[in-house]
Amino acid sequence: MTVLRSILLFAAAALFEIGGAWLVWQGVREHKGWVWVGAGVIALGLYGFFATLQPDAHFGRILAAYGGVFVAGSLVWGMVADGFRPDRWDILGALLCLAGVAVIMYAPRSV
């Protein structure tokens with residue numbers, strides 16, 4: 001159950017961080033206005049909150065592992081929101097990052 005909770009928290013964090021960054025991008029680069037930017041800033045704050053809920057107590061480990069989730073999630077977001085089509089190297093890179101997440105977060109450790 002702890003692993004499932006951790007995965008769901010990573011997914012929620014990715015949704016808020018990537019979505020928040022996308023909203024800021026839309027507000028500034030696509031000239032959609034400061035309301036979009038403000039919504040993005042709020043979403044980015046929620047990302048930080050969800051990251052703190054991870055069951056592991058080590059900030060460095062959580063953020064290092066989350067980096068891999070961010071990489072894969074960003075490619076998925078680009079596909080859904082912007083019509084981006086990753087090539088095989090993008091996909092391979094994302095899978096390698098997710099393998100790193102699994103090793104960092106879920107490998108058995110001696111206490």
(message) Looking at every heavy atom in both G73 and I18, which two are closest together, and how far apart are they?
(response) C-CD1, 3.4 Å
(message) To the closest 0.5 Å, what do you measure between CZ (R85) and CG (D90)?
(response) 12.0 Å
(message) Could you walk me through whether L53 and R5 satisfy the side-chain contact (heavy atoms from CB on, under 4.5 Å) test, starting with their C-alpha distance in whole Å, then the side-chain angles of each, then the deciding distance to 0.1 Å, before giving a yes or no?
(response) CA-CA 9 Å; L53 299 176; R5 178 174 182 247; 4.2 Å; yes
(message) Is there a path of hydrophobic side-chain contacts, each under 4.5 Å between heavy atoms of I/L/V/M/F/W/Y residues, joining L46 to F70?
(response) yes
(message) Side chains of W36 and E30, heavy atoms from C-beta outward: is any pair under 4.5 Å?
(response) no
(message) Does W22, at its CH2 atom, have more than 12 non-hydrogen atoms belonging to other residues, nucleotides or ligands within less than 6.0 Å?
(response) yes
(request) For residues I62 and M105, determine if any side-chain heavy atom of one lies less than 4.5 Å from a side-chain heavy atom of the other. (result) yes
(request) For the residue pair F16 and L44, establish whether any side-chain heavy-atom pair is separated by less than 4.5 Å. (result) no
(message) Is there a side-chain contact between L23 and K32 in this structure, where contact means two heavy atoms from C-beta onward sitting under 4.5 Å apart?
(response) no
(message) Quick check on the hydrophobic clustering: are V3 and V69 connected, directly or via other members, by side-chain heavy-atom contacts under 4.5 Å?
(response) yes
(message) Quick check: do E17 and F50 have side-chain heavy atoms less than 4.5 Å from each other?
(response) no
(request) Look at the side-chain heavy atoms of Ile, Leu, Val, Met, Phe, Trp and Tyr, link any pair under 4.5 Å apart, and say whether L9 and I7 land in one connected group. (result) yes
(request) For S6, check side-chain hydrogen bond (donor to acceptor under 3.5 Å, both in side chains) against everything at least two apart and list the hits. (result) Q54, Y106
(request) Taking side chain to side chain contact (heavy atoms under 4.5 Å, CB included) as the test, write out the residues that go with W89, two or more places apart. (result) D87, L92
(request) Decide yes or no for V28 and V37: does some side-chain heavy atom of the first lie under 4.5 Å from some side-chain heavy atom of the second? (result) yes
(request) Determine whether F10 and F49 fall in the same hydrophobic cluster, where Ile, Leu, Val, Met, Phe, Trp and Tyr are linked whenever their side-chain heavy atoms lie under 4.5 Å apart. (result) yes
(message) Using side-chain heavy atoms (C-beta onward) and a distance below 4.5 Å, is Y66 in contact with Y47?
(response) yes
(request) Is it possible for you to say whether V71 and M79 belong to one hydrophobic cluster, with membership spreading through side-chain heavy-atom contacts below 4.5 Å? (result) no
(message) I need the minimum non-hydrogen distance between C97 and G68, along with the two atoms involved.
(response) CB-CA, 3.7 Å
